[in-house]
Every structure is written in C-alpha cells, then in structure tokens.
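One structure is given below, encoded as structure tokens.
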Amino acid sequence: MGYLKPCSVFLLLVFFVACVSGEDPYRFYTWNVTYGDIYPFGIQQQGILINGQFPGPQIESVTNDNVIINVFNSLDEPFLISWNGVLQRRNSWQDGVYGTNCPIPPGQNFTYALQVKNQIGSYFYFPSLALHKAAGGYGGLSVASRPMIPVPFDPPSGDFTILAGDWYQKSHTELRAILDNGNNLPFPDGIIINGHGSNPITFTVDQGKTYQFRISNVGLTTSINFRIQGHKMKLVEVEGTHTLQNIYDSIDIHLGQSYSVLVTADQPPQDYYIVVSTRFTSKVLTVVSILHYRNSEGTVSGPFPLGPTIDTEWPIEQVRSIRGNLTASGPRPNPQGTYKYGMINTTRTITLQNSAPIINGKQRYAINSVSFIPSDTPLKLGDYFKIQGLFSLGSISDNPTGGDGYLQTSVMAADYRAYVEIVFHNPEDTLQSWHIDGHFFFVVGMDIGQWSPASRLSYNLIDAISRCTVQVYPKSWTALYMPLDNVGMWNVRSENWARQYLGQQFYLRVYSSANSWRDEYPIPLNALHCGKSNNKYMETSSMN
Ligand SMILES: *[C@@H]1O[C@H](CO)[C@@H](O)[C@H](O)[C@H]1NC(C)=O
Ligand SMILES: *[C@@H]1O[C@H](CO)[C@@H](O)[C@H](O)[C@H]1NC(C)=O
Ligand SMILES: *[C@@H]1O[C@H](CO)[C@@H](O)[C@H](O)[C@H]1NC(C)=O
Ligand SMILES: *[C@@H]1O[C@H](CO)[C@@H](O)[C@H](O)[C@H]1NC(C)=O
C-alpha cells in the first residue's frame, strides 16, 4: 500500500472524481476476497477472508485521506463491502450496499474510492450482501486526527481493535436458507473476539502504560457488554465524537456500534480476563480474551468480572452519561461545541416504528409497515439513468401507518440541507439498533414508553453525541436531530442482520435540484452495471 500526495495522471483518469478534493493524501489497498477455513470454536468452518485474513486487514487513515481499495471477488457469489460510519460525502456511489452499487460478480473486481472527509473515529467495514457477514469478511477502520488538530488525550502507547459479536456454527448459506424460508435466526452459538471463540486471543501491554481499545459490535443479532477484569475504562470517543472522559467498569455495545476507550495497565503484573457477554438475552453467552502484562507473574485467575448481562433494564445512567465534550476538537480545529445543533429549528419530523409482520406466511420485518424488497437494479443507478418503475418516492410514510405489513421497494424523499427530527419508536420487547448511512446524527433523547411532542422537553440540546448507529430499548423511543448534509441515496437499516435481511431497511433519497458537483459527484467511470442499468449505460455511452 503506497502513500502519495498529488493525483497522478492515471488517477485523474480513473478516479477523477475523488481527485477534485485536491491535495489530500492517498492510501491504496488491493484486497482478494476468498473462502477459507476458520476455527472460531475449534471446529472447521468456511469463512470469508480478505487477503487470507479473518478479520480482514485494518484500515488506518487520517482525516481527509483518500482510501482506494481494489476488491477482487474470488467467491462464487456476488459480493459488496460497505463502510459503517465512513461518510462518503457527495458520493453514495461508493457506499457498497445493494441500493447504491451493483454487486461485484464472482471473478471480477471493483475499486472503491472513499474519502474520510472531515471525520475522525473508530469504525468497521463489513460485507453487505446475502448474509456474508455471518461468514466474516469484516475488519476495523480508524480515522486519526490530522497532526495539527488537538486530540483531548495523550497519545496512547498502543492501539487495539476489538471486533466482537455473536457467531453461528452454521454457514452463511444455511443461515440464509432459514431466513429465506420465513424464519428468524436461532440463538447464536457463541461470541467471538477478532475471530476467536474457544481459543482466547492475547493483548500484550506494558505495566504503567495506557492503551486505546476500539471496540465494535460486528455480530448479527445481539447486544454485547465489554469489560476488563480489575481495570477501569476511560471512554474517549464514540463514532467520531470525542466524549466526556467518564470512567466505566463495563460498556454496552449494541449491534453496529463502536466505542473507543483508554485502559491503563495499572494493576499488579499478571494476566486479566477481557470479557464480552451478550446483553438483553435470557441465556447469556460469554467469551474471554487475555490482557497480558509483559512482566506478568501469573496467568488469569478468579471469576470473570460480572457485567449487567441478565438485567434487561436499560442502563439509563450509562446512556445519559455518554455525552460530547464541547471544548474538545473533532476533525476540525474548532471545538465540537461550535456546531449548535440544538439551536437549529427542525423542518420535518419522521417517526419510524419497527414491526415483525408475517407476510405471505413468512416472517418479515418492517418499518412503518413496509418490508423492503430490493429492485433488480440498484436504486442509485436507477435514479441516475432515470429508469422508470424501480421505486416510487414516498413509498414509505413519515409516520407509522398502523396497517398490516406489506412488501415494497421503499424510498423516502428528502431535501438536501433540511434539518430533520427522527423518532424511532420500538413497540416490541426486543432491543433495536439502527444505522443511517452517509450521515451522523445527534442523539437528543431516549426514554421508556411512547414518544409524544412533550418528550421534546427532555431533549439534550447541549452536548448529545453525534454518531451513526443508535439503540432503541424495548418498548421505548429514541430521538435524533440530523442535518441532511449529504446528497445521495442512503440506506437506513436495522443492524440486526436477520431483520435487515428480511426487510427492515429503506433508502433515504437526499436530493438537490442543483445538479452540481458541489452537491454530488457524478457516477464514477469504473461503476459496475447490472440489471436495467446495463442498457442505459450502453445507450448513454454510444450517445457520447
Ligand atoms: C485470490 O486468491 C485466490 C486463492 O488463493 C487465487 O487463486 C487468486 O488468483 C487470487 N486473486 C487475485 C486477484 O489475487
Ligand atoms: C480491476 O483491477 C484492475 C487492476 O488489476 C484495475 O485496472 C481496474 O480498474 C479494476 N476494475 C474496477 C472496476 O475497478
Ligand atoms: C474536554 O476536552 C478538553 C480539551 O481537550 C479537555 O481539556 C477536558 O479535560 C475535556 N473534559 C472532559 C470532561 O473530558
Ligand atoms: C426557530 O423557530 C422559532 C419559533 O418559530 C423562531 O422564533 C426562531 O427565530 C427560529 N430560529 C431559527 C434559528 O431559525
């Protein structure tokens, strides 16, 4: 992987779009995606590897870097990678979900040209199609601050990425068949940390030093709790927001979320358990890895530190204590508090309610009664080439309809530069986790029961964190303020992968009539074509 400054002529031809941003550095990666044997629980399974690795290679970047990744699909199925938390400003063409990109056919490749513009933080990438995530294919992605921008903590002595989540012994094709037959997934078989379930992985530290742990929940169906025996964790960053640096014994991490903590190796020199267990589940799954002091005088011992595993009450104190540090810098030199998100009037309220309807005798999952079904052509391409009949705007309501669930290719229309309030209402008795691509949002409120306009009185309009994935507790609501500052076709989805697969997602089409590169990049020259975009592409190419 190289590291150059200016755009070469070659790049100008192939990635002219990304080069518009000028002098920002480039990082190049070539990835080969293959099947390979993995042994998370000591038993051979077919995994999805990237360059022979599971988890895949770590991407370490700096704010504004261009990250160019040429992905070769050596699987026997179409494949795409998506980037949880990478904004892709003006560029939903790179988002790597089925609504924006044609799948990379087996034996072919596609080069993503991402830019981590104006962002910092800890994230991950994952395969977005066909339940491939159940076989791996994910990895960590971090965006460091530029050298001149102050970071509100001393540089740590080391940086560890923890990708933890529930795991199944069944293959992704077997799990997919269960869903296709109209059933929910069974309870997972265990949890893994960086691919390790039964054989603990070791993180080695020097006594007295401080380390950063970037922890993401990359699982399919369950929330997790993270804790380290005998050690406190200082929370420093949540999905790109520098937080108030509170101390925690354990942290809940819901599906698709990322947290970054500092841990000081300030205990007697021995080995300690790092414990991850499931949350909000009646049966609790637990896995450990090892925090090993280099001068360790003893192996791990004692009981695992207990976490809030069985207690299904939502940890209201922990949630309310996670707040932004208004005086710390984010990706820019000015303090995070300079963007007064609470002083801006919202222009629209969107209330999204989850449900689990049976449609045509099969289990489906829905938002405002609509259970998403993909079209035969990515929606973004359909929109660009003005292909009729793929979707209609307004095919999902701004409010729960209360009606029976139905299937639809749901797309919600929205105006660029609008400032929306989104209320997630969860009438079910399971915890939900939601992700919105291409945007960050301020989590202004969360409470038990039904949201009402009076709930706005309880909003945190001062120092809520801005993030991209948020939980909604059972029979509760969560409210967001979100600036629609990114033109494109953006996936709004459940991060519970069974629910996402069975329709609990839709696309938000953020539209600008300006038709200008300042608002949105044109289709990349290397875009893959499929479905009805094939013909359109040939028509336009022959016209030129
Ligand atoms: C990817 O890996 C497979 C298996 O090792 C190999 O056969 C293939 O040539 C590789 N492809 C690329 C583009 O490196
Ligand atoms: C596929 O990889 C080749 C280099 O091996 C590159 O020239 C080409 O642009 C890539 N294709 C796409 C669609 O990105
Ligand atoms: C907030 O950030 C500032 C600036 O880096 C730092 O001095 C301060 O200690 C932080 N406050 C908390 C409570 O984390
Ligand atoms: C927000 O709305 C209130 C009441 O309608 C109005 O007084 C205020 O000026 C508006 N604020 C902004 C920043 O537009």
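Just so you know, ligand 1 is whichever comes first in the structure, and atom 1 is the first atom listed for that ligand.
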Atoms of ligand 2 less than 4.0 Å from Thr111 heavy atoms?
10 (C), 12 (C), 14 (O)
Between Lys170 and Asp189, does any NZ, NE, NH1 or NH2 come within less than 4.0 Å of an OD or OE carboxylate oxygen?
no
Distance check, rounded to the nearest 0.5 Å: Ser452 atom OG versus Trp477 atom CH2?
8.5 Å
Which residue owns the protein heavy atom closest to atom 13 (C) of ligand 4, what's the atom, and how far is it?
Met343 O, 3.8 Å
Per-atom contact, atom 9 (O) of ligand 1, protein heavy atoms, under 4.0 angstrom:
no
Near Asn526, which atoms of ligand 2 are under 4.0 Å from a heavy atom of that residue?
13 (C), 14 (O)
Show the atoms of ligand 2 that are less than 4.0 angstrom away from any heavy atom in Asn70.
1 (C), 2 (O), 3 (C), 4 (C)
Heavy atoms from other residues, nucleotides or ligands near CG of Asn515 exceed 12 (cutoff 6.0 Å):
no
Single hit among Asp65, Thr63, Asp24, Asn64 for side-chain hydrogen bond (donor to acceptor under 3.5 Å, both in side chains) with Gln115:
Asp24
Show which atoms of ligand 1 fall inside a sub-4.0 Å distance from at least one heavy-atom site of Ser74.
1 (C)
Going by a strict under-4.0 Å cutoff (protein heavy atoms only), does atom 4 (C) of ligand 4 have a neighbour on the protein?
no
Name the residue from Asn101, Val71, Asn73, Ile69 that meets the side chain to side chain contact (heavy atoms under 4.5 Å, CB included) definition with Phe110.
Asn101
Look at atom CZ of Arg518 and say whether more than 12 heavy atoms of other residues, nucleotides or ligands are closer to it than 6.0 Å.
no
Nearest non-hydrogen protein atom, atom 6 (C) of ligand 1:
Asn32 ND2, 4.1 Å
Just wondering, do Ser122 and Ser216 contact through their side chains at under 4.5 Å, heavy atoms?
no
Numbered atoms of ligand 2 (with element) below 4.0 Å of Phe72, judged on heavy atoms
2 (O), 5 (O)
Atom 1 (C) of ligand 4: which protein heavy atom is closest, and how many Å away?
Asn345 ND2, 1.5 Å
